[in-house]
2 protein chains.
Amino acid sequence: MTASRARRGSDTATRILDVAQRLVQQRGFNGFSYADVAQELGVTTASLHYHFAGKAELGEALVTRYATRFAESLAAIDARGLAAPAKLKGYADLYADVLRDQRMCLCGMLAAEYQTLPGRMGHEVLRFFEDNESWLAEVLEQGLREGSLAFEGPAQEVARTFMGGLQGAMLLARPSGDLDRLRAASRGLLTGLTTTVT
Amino acid sequence: MTASRARRGSDTATRILDVAQRLVQQRGFNGFSYADVAQELGVTTASLHYHFAGKAELGEALVTRYATRFAESLAAIDARGLAAPAKLKGYADLYADVLRDQRMCLCGMLAAEYQTLPGRMGHEVLRFFEDNESWLAEVLEQGLREGSLAFEGPAQEVARTFMGGLQGAMLLARPSGDLDRLRAASRGLLTGLTTTVT
DNA sequence: GTCTATAGGCAGATAGAC
DNA sequence: GTCTATCTGCCTATAGAC
C-alpha cells in the first residue's frame, strides 16, 4: 500500500481515502463506486484496485483511519486538562466540524448501512462507538467527582444518550443544511447534564 | 395502481410496499433492488414495474404511507388526552416498535441517504420531520402550560433535540441489536425535560 | 503505479405475449 | 396482472502491457 513515502498526505493512497471518505459521508457506502473516486482523481478504477484490493478493503481502511484520527482528537481534548463540561463541549465541536460540506459522521453513516457492510467493517464501526462511549463515560465520571455535572443512572448509558443525541442531530440537520440545528442540540444536551449553579 | 380492491392489506401493491419498506429500513434505499423484492414475493421485477413505474415512485409511495401511518399514531396519542410527559413517552414508544426486526426508522434511514434520493422523495422526508417537530413542539408547550415539563429555549429546538436523540439512539442501538439502549435513551431524554417534582 | 481492455454480473427498465 | 425475453448501463474485479 505504497509503504515508503516521505511526503505523507498527498500520495495516491491517501488521496483515494480522502475522496472516498467524503463520498461515503455524503452518499453512503452503497451510494458511491470505484468509478466515482477514480473519475474525481483522474485515474482509472484499475489503479484504485492496485492500492485497495476491493471495496471492502477500502472501506476498512476508511474506518481505521477515521477512528485513529478521532481518537487523536479526543486525546488532544484530554491534554488540555479541562473541566468535564468543557470536554463535552469540545467533543460536540468535533461533530460540528464534520457536518461541514453536508457530511455525516463516517461511522454514523455506516451504522445506518450496518446490515449491508462487509463483516470486518461492521466490527470496526462497532468498536469506534465503544471507544467513544468509554471516553465520554470517563468524562462524565470526572464531572461527577468535580461536581460540574449532574445526572442519574450509569455513566455509560448517559454517554450513549449524549453520543446518540449528537449523531441524531447531525442526521436531521444535514438534509436542511442547517449547522445551527446541531449547535442547538449540543447546547440542549449539555445543559441537561450541567449543574445549574456551580 | 390497483385501485378497486375490497380486501385491503393483502393486494400485490401493498405486499410490495411491505417488503420494500422492511428492506429499506434494514438495508437502505441504495441497499436493495427490485429483484430482492420480487424474489421474496415470488413474482418478477416486470410485475413490480406494473405497480410502481420505477424505484423512485416506489420510494415515494413508501414515504407517503409511512408518514400517513405515523401521523395516525400521533393522532391516536392525542386522542387519549394525556399529560405532556405521557405523550412524549407514547412518542418514544413508537420508536421502540420500529426497532424490532433490526429496523431503522424509514425516514431516519432515508435522511442518511438524503443526497442520493430522487428529489420528491427527499422533500417528503423533510416534511415528515417537520410534521414530527410541530407535533412535539405543541406537546412541549402543553407541558409548559401544565407545569409538567420544564425546559429552556424555543419549543421547536427542544423538539428537534428530542427527536434527534431518539433517531440517534436507534442508529446506535441497531448494530448491537440492543433494544434496551433505545429505552435507556428515551428515559434519559425524558427525565431531562420532566419537572423534578410536580 | 498506471494504463487498456475486458470479463461477468447485476441494476433498473421496457416490449409484447398471455 | 403477470409472465418471458431482452436491453442498456453500471458495477466490481482481473489480466497483462507499459
Side-chain angles (χ1 to χ4, degrees), chain A residues 1-21 23-24 26-62 110 113 115-121, chain B residues 1-21 23-24 26-63 110 113 115-122:
Chain A
M1 207 194 285
T2 323
S4 56
R5 205 72 180 84
R7 185 166 42 86
R8 274 278 142 192
S10 72
D11 64 301
T12 307
T14 301
R15 284 187 324 203
I16 291 170
L17 288 171
D18 291 341
V19 172
Q21 179 177 326
L23 287 171
V24 174
Q26 291 179 332
R27 308 176 52 89
F29 192 70
N30 296 323
F32 88 105
S33 70
Y34 260 42
D36 294 328
V37 181
Q39 190 182 26
E40 192 159 333
L41 291 177
V43 296
T44 63
T45 60
S47 179
L48 265 68
H49 279 286
Y50 171 79
H51 294 282
F52 301 97
K55 210 183 172 186
E57 286 79 11
L58 173 57
E60 285 177 49
L62 283 175
L110 295 177
E113 299 177 293
Q115 300 189 38
T116 72
L117 297 181
R120 287 200 195 91
M121 256 186 99
Chain B
M1 210 196 285
T2 322
S4 56
R5 207 71 180 83
R7 186 167 42 89
R8 275 276 143 193
S10 72
D11 63 301
T12 307
T14 302
R15 285 187 323 201
I16 291 170
L17 288 172
D18 291 341
V19 172
Q21 180 178 328
L23 287 171
V24 175
Q26 291 179 332
R27 307 175 53 88
F29 192 69
N30 296 323
F32 88 104
S33 70
Y34 260 42
D36 295 328
V37 180
Q39 190 182 27
E40 191 159 333
L41 291 177
V43 297
T44 63
T45 61
S47 179
L48 264 67
H49 279 285
Y50 170 80
H51 294 282
F52 302 96
K55 208 182 173 185
E57 288 77 11
L58 173 57
E60 285 177 49
L62 282 175
V63 182
L110 296 177
E113 299 176 292
Q115 300 188 41
T116 72
L117 297 181
R120 287 201 194 90
M121 255 186 100

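Residue numbering restarts at 1 for every chain, and letters A, B, ... go by the order of the sequence lines. What you are looking at is a predicted structure, and each value in this text was computed from that prediction instead of being measured.
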* Asked: So how far is it from A:L110 CG to A:L62 CG, rounded to the nearest 0.5 Å?
  ->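 Going from the CG atom of A:L110 to the CG atom of A:L62 covers 8.0 Å.
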* Asked: At under 4.0 Å, does any side-chain N or O of A:Y50 touch on OP1 or OP2 of C:dG1?
  ->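 Yes, such a contact exists.
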* **side-chain N/O A:T12 vs C:dT2 OP1/OP2, d < 4.0 Å** => yes
How close or far is atom [atom2] of [N] from atom [atom1] of [X], stated in whole angstroms?
X	N	atom1	atom2	result
B:N30	C:dA11	CG	C1'	12 Å
B:K55	C:dC10	NZ	C1'	12 Å
A:E57	D:dT12	CD	P	13 Å
B:L41	D:dT2	CG	P	10 Å
A:L48	D:dT14	CG	C1'	14 Å
A:D36	D:dC10	CG	P	11 Å
B:Q39	C:dG12	CD	P	13 Å
A:F52	D:dT12	CZ	C1'	16 Å

Among [options], which is the nearest nucleotide to the side chain of [X]?
X	options	result
A:H49	D:dT14, D:dC3, C:dA13	D:dT14
B:S33	C:dT4, C:dA11, D:dC3	C:dA11
B:A35	C:dA11, D:dA13, D:dA15	C:dA11
A:H51	D:dC3, D:dT14, C:dG1	C:dG1

* **Check: B:F52 and B:L17 side chains under 4.5 Å, non-hydrogen atoms** =>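 Yes, their side chains come closer than 4.5 Å.
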* **Check: A:P118 and A:F29 side chains under 4.5 Å, non-hydrogen atoms** =>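 Contact flag for A:F29/A:P118 side chains = yes.
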* Under 3.5 Å: donor-acceptor pair, side chain of B:E113, backbone of A:R27 ->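 It does not hold such a pair.
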* A:E60 side chain to A:R120 backbone, donor-acceptor under 3.5 Å -> no
* With a non-hydrogen cut-off below 4.0 angstrom, is A:T44 in contact with a base, only sugar-phosphate, or nothing? ->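 Base contact - A:T44 has a heavy atom under 4.0 Å of at least one base atom.
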